[in-house]
Peer 1: 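Have a look at this one.
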Amino acid sequence: MQNDTVTFVIDQKEVRARRGQTILEAAEQAGVYIPRLCHLKGLTPHGSCRVCTVRVNGRYQAACTYPVADDLVVENDTEELRTLRRDLLEMLLVEGNHFCMFCEKSGHCELQALAYRHSIAAPKYPHLWPRREVDASHPDVLLDRNRCVLCGRCVRVSRDVDGKNVFGFVGRGPHRHLGVNSRRGLGGSDLSADDQAVTVCPVGCLLRKRTAFQVPVGQRRFDRQPIGAEVGAGAGSPQPSESPMQ
Amino acid sequence: MMETVQEREQRQLNRKPRIATASLAGCFGCHMSVLDLDERILELAELVEFDRSPIDDLKDFTGPVDIGLIEGGCCNEENVRVLREFRKHCRILVSLGDCATMGGVPALRNTLSLQECFREAYCDGPTVYNPTGLIPNDPEIPLLLDRVYPCHEVVRVDYHLPGCPPSAESIWQTLTALLNNRPLDLPYELIKYD
């Protein structure tokens, strides 16, 4: 009979995991945080944002899709990978139109929290300022594509959890965007405000209407604790040597 | 009586560090946040001398400056001119707030063409009364840029302090660190984009 547990090394720490787990799941269980944006516990891994990129035996892999195996040596919290993730996050920030100063999701936003955790004071890349459509046709849900990071969480949840298939991706490359399963926009779809798909958006792209700004500044999800703090130390915790502002 | 070389050197050694500030395409909220230092503003006045700044209403530089704080990005040619002057005169230049670091609210127009912006503001807007349909074109009015640029896309910027506005505490910690040649190491709670 095949042994059900495997042992691998992540950040010099030996970790035992169940066969079939992904590196991200196993690391989280062992108290090692791997930053991620598109992945959400319980969903089929998407592997699209690449924020969870680690080195497995020297090769770059997405930790959310790579299965654990014996004798893997995983690098996660290294200067090189922190820089790579910071660059990815900066590209995500300049690729959309992210106006944190008036966004309802600010303080609860996972993209913003990851940028905080990686000490991004200002993205070094020029902003693209794309023109994106807002869909306010639904009575209870707002869809603002300016903030979409194409993580696919709503697509997966609507399909696999809600069983409604409301969302899907349309177009390729820079034209790829979130499509809705109705010619009349979100208001013409089956989506209801209670659907899980609405709550899983990591950014402020899908929002339940009339619920904004209910938590005071200072008590919001990421006001005091960095994202991933509940898991453990892990990658991206600001290093004393890296001045966050420069 | 003329001062000796030694006296002049001593005077320069004793001189307080100088600070300059400006608001470009901003709302003066970041300057309000500086005033939000409350009683520490007296301490700041002890520590530094203000050069060109809306706080003392000096319109031109009196000489080289140690730290320049820039609020707002560049939305017109006047902003670019002021920003370049700041870069020329300031040893350290700090982008203060979201408009300076990424364009901020004025950059909302960046997804539209300049023509669309003008038409909305002077012709088609719901509250506009302009029967001639003329768009202001006086040479006195600074020319708008094609879009709003963050400061570091126009000149070299040494430090970025995000926030809308950055809290008084983060401005205080930044200034005191820079003035005392300490590395800038703001705690997690002080780096905010809102």
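Owing to the predicted nature of the structure, the values given are computational and were not obtained by experimental measurement. Note on naming: letters A, B, ... go to the chains in the order of the sequence lines (proteins, then strands), and numbering restarts at 1 for each one.
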Peer 1: By the definition side-chain hydrogen bond (donor to acceptor under 3.5 Å, both in side chains), identify the one residue from A/Arg220, A/Arg221, A/Gln219, A/Gln225 that meets it with A/Asp223.
Peer 2: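 With A/Asp223 as partner, side-chain hydrogen bond (donor to acceptor under 3.5 Å, both in side chains) holds for just one option, A/Arg220.
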Peer 1: Taking B/Arg147, B/Met102, B/Lys192, B/Glu189 one by one, which has the highest count of heavy-atom pairs under 4.5 Å against chain A?
Peer 2: B/Lys192
Peer 1: For chain A, which candidate among B/Val157, B/Leu112, B/Asp98, B/Asn110 shows the most heavy-atom pairs at distances under 4.5 Å?
Peer 2: B/Asn110
Peer 1: Side chain, backbone, both or neither: which part of A/Pro130 has an atom under 4.5 Å from a heavy atom of chain B?
Peer 2: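 Backbone of A/Pro130 only, per the 4.5 Å heavy-atom cut-off to chain B.
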Peer 1: Taking side chain as everything from C-beta outward and backbone as N, CA, C, O, which of these in B/Ala107 sits under 4.5 Å from a heavy atom of chain A? Side chain, backbone, both or neither.
Peer 2: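 The answer is both parts of B/Ala107.
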Peer 1: Quickly, which of B/Leu178, B/Leu93, B/Ile67 forms a side-chain contact (heavy atoms from CB on, under 4.5 Å) with B/Asp158? Name it, please.
Peer 2: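 Considering B/Leu178, B/Leu93, B/Ile67, a side-chain contact (heavy atoms from CB on, under 4.5 Å) with B/Asp158 is found only for B/Leu93.
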Peer 1: What I want to find out is whether A/Asp140 reaches A/Arg208 closely enough, with some N-O distance under 4.0 Å, to be called a salt bridge.
Peer 2: no
Peer 1: Is NZ or CZ of B/Lys59 both nearer than 6.0 Å to the six-membered ring centre of B/Phe61 and within 45° of the ring axis?
Peer 2: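 No.
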Peer 1: Can you give me the closest heavy-atom contact between B/Leu161 and B/Ser170, atom names plus distance?
Peer 2: CD2-O, 4.0 Å
Peer 1: Less than 4.5 Å to any heavy atom of chain B: does that hold for the side chain of A/Phe222, its backbone, both, or neither?
Peer 2: both
Peer 1: Side chain from CB out, backbone as N, CA, C, O: work out which of these in B/Glu153 comes under 4.5 Å of a heavy atom of chain A, or both, or neither.
Peer 2: side chain
